[in-house]
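Before any comments, here is the structure.
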Amino acid sequence: MYRYVCKTMLRRLFLSKKVSYQARLFSGNFRYLEVLNNENNVAIVTMKRAPVNTLNSELLSEISSVLTNLDETKCSGMVLTSFSDKVFSSGLDFNEMYESRPATIRTLVSTILEVIIKLYGSPFPTVAVITGHAPSGGCVLSLCCEYRIMVQNFQIGLNVVKLGYSTPLSIVQLMVNTIGHRNAELALTSGRLFTTNEALRVGLIDEIAKDRASAFDKANDFLNQFKVIPPIARHFTKQSMRRALLQDVSINGKIYVEDFVSLISRPKVQELIAAYMANMKNKKKNSN
Ligand SMILES: CC/C=C\C/C=C\C/C=C\CC/C=C/CC(=O)SCCNC(=O)CCNC(=O)[C@H](O)C(C)(C)COP(=O)(O)OP(=O)(O)OC[C@H]1O[C@@H](n2cnc3c(N)ncnc32)[C@H](O)[C@@H]1OP(=O)(O)O
């Protein structure tokens with residue numbers, strides 16, 4: 001009863017201030033995300049898993065829940081960003097891939113797949129405000145958005161071959177859809193990370209911003225143009241552009257997940273992940 005009264009009072013308070021009650025309540029409900037609605041009913045979704053927004057199952061599953069809710073509550077748009085001014089996301093969590101049971105890897109991979117499907121196929125417009133490095137899984141999240149604005153002097157790309165596993169077909173397709181076949185082939189086979197300037201040149205991002213505030217201004221400009229476009233027309237057009245990949249992932253998703261799990265579980269790949277993690281730690285030690 002007490003909880004009901006509190007909830008009702010909170011709801012009245014938020015509604016009276018014309019602020020989205022649901023999205024506001026979200027911010028308290030998540031461990032690794034903050035979700036706020038701005039005055040245009042755009043949800044600002046901020047990943048806040050310190051230090052580098054490594055994508056573990058919990059963070060991914062929170063993103064997945066938010067996406068479902070934003071769809072149900074008919075938000076006007078979404079900005080995906082990071083709490084950090086250095087890293088957007090450092091990609092999938094090695095700790096859930098290294099020496100992990102297949103079930104743990106499977107949960108991680110199926111959860112990112114769920115996020116990819118929801119984010120890539122979302123009815124509302126989406127922008128990634130990339131405030132820092134975005135390697136691998138971080139790059140994938142931004143590729144699922146419709147528009148990417150990146151702050152200067154960071155790196156973005158899909159470096160997965162360096163870890164000894166191939167890039168899953170749908171992820172290859174995401175990259176091809178964004179930067180074209182030739183550039184995607186060159187980038188993916190070498191595991192290339194692009195600087196912000198290079199990323200703009202190749203079309204991996206759409207705009208460069210000098211800092212977070214200016215990136216948000218640009219994101220607003222992008223989203224504001226849709227105020228005069230009927231949402232259904234926009235959504236169906238987006239679906240038409242994205243249908244092939246979405247259909248492929250919904251039909252073959254389970255196979256892709258199992259392939260990825262067995263790839264990651266191979267002893268050679270496990271060795272490479274261990275070496276990669278050790279290298280990260282060494283770099284850090286030497287720079288201190
Ligand atoms: C549709 C598809 C269908 C089916 C297939 C299904 C799924 C496939 C899905 C997606 C495919 C995409 C594949 C993704 C694979 C990955 O994402 S693997 C992760 C790859 N990531 C990286 O290579 C980045 C590694 N990190 C870095 O380079 C740096 O950390 C970074 C430049 C991001 C930041 O540098 P800095 O600010 O100096 O921070 P530190 O390096 O000091 O890092 C802070 C601590 O965080 C730890 N850490 C960093 N990254 C990870 C990570 N990915 N996992 C676990 N831990 C990480 C780091 O070790 C530090 O820890 P410490 O403080 O030393 O304890």
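Atoms within each ligand, like the ligands themselves, are counted from 1 in listed order. Note that the coordinates shown come from a computational prediction; the quantities given were computed from them, not determined experimentally. We use all heavy atoms of the structure for the numbers below, so side chains are in, but hydrogens, waters and symmetry mates are not.
Side-chain atoms of Gln152 do not come within 3.5 Å of backbone N or O of Thr196 as any donor-acceptor pair. Between the side chain of Ser76 and the backbone N or O of Asn40 there is at least one donor-acceptor pair closer than 3.5 Å. A distance-only check finds no donor-acceptor pair linking the side chain of Ser64 to the backbone of Glu62 [under 3.5 Å]. For the pair Asn38 (side chain) and Val42 (backbone), a donor-acceptor distance under 3.5 Å is present.
Of the N or O atoms in Lys281, one or more lie within a sub-3.5 Å distance of an N or O in ligand 1. For ligand 1, none of its N or O atoms has an N or O atom of His133 under 3.5 Å away.
Residue Ser170 has at least one heavy-atom neighbour below 4.0 Å for each of these atoms of ligand 1: 1 (C). Each of the following atoms of ligand 1 lies closer than 4.0 Å to a heavy atom of Asp93: 54 (N), 55 (C). In the vicinity of Val160, heavy-atom distances shorter than 4.0 Å reach the ligand 1 atoms 13 (C), 14 (C), 15 (C). Near Ser136, the atoms of ligand 1 lying under 4.0 angstrom from a non-hydrogen atom of the residue are 14 (C), 16 (C), 17 (O), 20 (C). Against a heavy-atom cut-off of under 4.0 Å, Gly91 is close to the following atoms of ligand 1: 17 (O). The Pro168 neighbourhood of ligand 1 comprises atoms 5 (C), 8 (C), with distances under 4.0 Å to a heavy atom of that residue.
For atom 54 (N) of ligand 1, the closest non-hydrogen atom of the protein is Phe94 N, 2.9 Å. In this structure, the protein non-hydrogen atom closest to atom 42 (O) of ligand 1 is Lys284 CD, 3.3 Å. Nearest protein heavy-atom contact of atom 19 (C) of ligand 1 is Leu92 O, 3.4 Å. The protein non-hydrogen atom at the shortest distance from atom 7 (C) of ligand 1 is Val109 CG1, 3.4 Å. Summary of contacts: the protein heavy atom closest to atom 27 (C) of ligand 1 is Met280 SD, 3.8 Å. What sits closest to atom 4 (C) of ligand 1 on the protein, heavy atoms only, is Tyr256 CB, 3.3 Å. Scanning the protein heavy atoms around atom 23 (O) of ligand 1, the nearest turns out to be Tyr276 OH, 2.7 Å. Closest to atom 10 (C) of ligand 1, if we only count protein heavy atoms, is Ile171 CD1, 4.0 Å.
Using a 4.0 Å cut-off between heavy atoms, Lys283 makes no contact with ligand 1 at all. Residue Tyr165 touches ligand 1 through its side chain alone, judged by heavy-atom distances below 4.0 Å. Proximity of Leu113 to ligand 1, defined as any heavy-atom pair under 4.0 Å, is confined to the side chain (atoms from C-beta onward). Residue contacts with ligand 1, taken as heavy atom pairs separated by less than 4.0 Å, involve Asn159 solely via side-chain atoms from C-beta onward. The part of Ile112 lying near ligand 1 is the side chain, judged by heavy-atom distances below 4.0 Å. At a heavy-atom distance under 4.0 Å, only side-chain atoms of Lys86, from C-beta outward, approach ligand 1.
Summarising the contacts of atom 21 (N) of ligand 1 with Pro51, Ser90, Gly132, the nearest heavy atom is found in Ser90. Distances from atom 47 (C) of ligand 1 to the heavy atoms of Asn282, Val249, Val52 put Val52 nearest.
Ion pairing of Asp85 with Arg212 is present here, as a side-chain N (NZ or NE/NH1/NH2) and a carboxylate O approach within less than 4.0 Å. Salt bridge annotation for Arg106-Glu258: present, with a cationic side-chain nitrogen under 4.0 angstrom from a carboxylate oxygen. The pair Glu198-Arg201 does not meet the salt-bridge criterion, since no charged nitrogen lies less than 4.0 angstrom from a carboxylate oxygen. Salt-bridge annotation for Lys48 and Glu34: absent, with no side-chain N of the basic residue lying under 4.0 Å from a carboxylate O of the acidic one.
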Worked verdict on Ser122 versus Lys238 for side-chain hydrogen bond (donor to acceptor under 3.5 Å, both in side chains): CA-CA 9 Å; Ser122 68; Lys238 177 173 170 179; 2.9 Å; yes

Evaluation steps, side-chain hydrogen bond (donor to acceptor under 3.5 Å, both in side chains), between Asn41 and Asn37: CA-CA 5 Å; Asn41 196 28; Asn37 262 24; 2.8 Å; yes

Audit row: Asp93, Leu55, side chain to side chain contact (heavy atoms under 4.5 Å, CB included) steps and yes/no: CA-CA 5 Å; Asp93 194 338; Leu55 302 170; 5.9 Å; no

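Under the 4.0 angstrom criterion for non-hydrogen atoms, Met97 is in contact with ligand 1.
Under the 4.0 Å distance rule, the nearest protein heavy atom to atom 44 (C) of ligand 1 falls inside the cut-off. Shown here, atom 40 (P) of ligand 1 is out of close reach of the protein: none of its heavy atoms lies under 4.0 Å off. Remark: atom 35 (O) of ligand 1 lies closer than 4.0 Å to no protein heavy atom.
Between Tyr165 and Phe260, the angle of the ring planes goes over 60°, which puts this pair in the perpendicular group of the 30/60° scheme.
There is no side-chain donor-acceptor pair under 3.5 Å between Asn53 and Tyr32. With hydrogens and angles left out, the side-chain atoms of Gln173 and Asn177 include a donor and acceptor closer than 3.5 Å. A donor-acceptor contact under 3.5 angstrom links the side chains of Asn159 and Tyr276, judged on distance only.
The shortest distance between side-chain heavy atoms of Glu146 and Asp206 does not fall below 4.5 Å.
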